[in-house]
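Predicted model only: the values in this text are computed from it and were never measured.
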Amino acid sequence: MEFRTLLAVILAVLPRPSLWWVAARQAIRLAPTRWWSTPPHLPVPPEDYIRFRMVTAYGGDGSAPPTQVARDVVSYLEWCRTWP
C-alpha cells in the first residue's frame, strides 16, 4: 500500500475512537506469523496479499483513490465491530 493511501486510512480512522480497538484487533489478525523476524520488522500484511485484496476490491490493476480506500476501510472496520 502506498504511503498516501496509508495516510488517508489513518486520518479516516483517527477521528473515530470507537474503531481504534477494532483497527488494532484487525491489524493483529492480519499480521503475518513471526512478523518480527523478517524485514521490514513491522506487523503489516504481505504485499502480495494487499495487492490481491486491492484487485478483488477495485478491479483492473487494483488502483483506487486513497480517499475511496479510506472510506472502504472505515466501512470494513464498522462491519467488523458488529461481530462478537
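When atom types are taken as modelled, the side chain of Trp36 and the backbone of Leu42 share no donor-acceptor pair closer than 3.5 angstrom.
No more than 12 heavy atoms of other residues, nucleotides or ligands lie within 6.0 Å of CZ in Arg4, so this atom counts as exposed by the packing criterion. Within a 6.0 Å sphere centred on CH2 of Trp35, heavy atoms belonging to other residues, nucleotides or ligands number more than 12.
Here the OH atom belonging to Tyr58 is positioned 10.0 Å from the CZ atom belonging to Arg53, to the nearest 0.5 angstrom. Atom CG of Leu30 and atom CZ of Arg25 lie 11.0 Å apart (nearest 0.5 Å). Taking CZ of Arg29 as the reference point, atom SG of Cys80 lies at 7.5 Å (rounded to 0.5 Å). Note that CD of Glu2 and OG1 of Thr5 are 4.0 Å apart. Values are rounded to the nearest 0.5 Å. Here Met54 contributes atom CE and Asp72 contributes atom CG; the two are 9.0 Å apart, rounded to the nearest 0.5 Å. To the nearest 0.5 Å, the span separating CZ on Arg81 from CZ on Arg16 amounts to 10.0 Å.
Linking ILVMFWY side-chain heavy atoms closer than 4.5 Å, directly or via other members, places Trp20 and Tyr76 in a single hydrophobic cluster. The cluster map of Ile, Leu, Val, Met, Phe, Trp and Tyr, joined by side-chain heavy atoms under 4.5 Å apart, puts Leu77 and Leu11 in different clusters. Linking ILVMFWY side-chain heavy atoms closer than 4.5 Å, directly or via other members, places Val9 and Trp79 in a single hydrophobic cluster. Linking Ile, Leu, Val, Met, Phe, Trp and Tyr residues whenever their side-chain heavy atoms come within less than 4.5 Å leaves Ile28 and Ile10 in two separate clusters.
Nearest heavy atoms, Ala70 versus Ala8: CB-O, 3.5 Å.
Residues Val74 and Glu78 meet the side-chain proximity criterion, which asks for heavy atoms closer than 4.5 Å.
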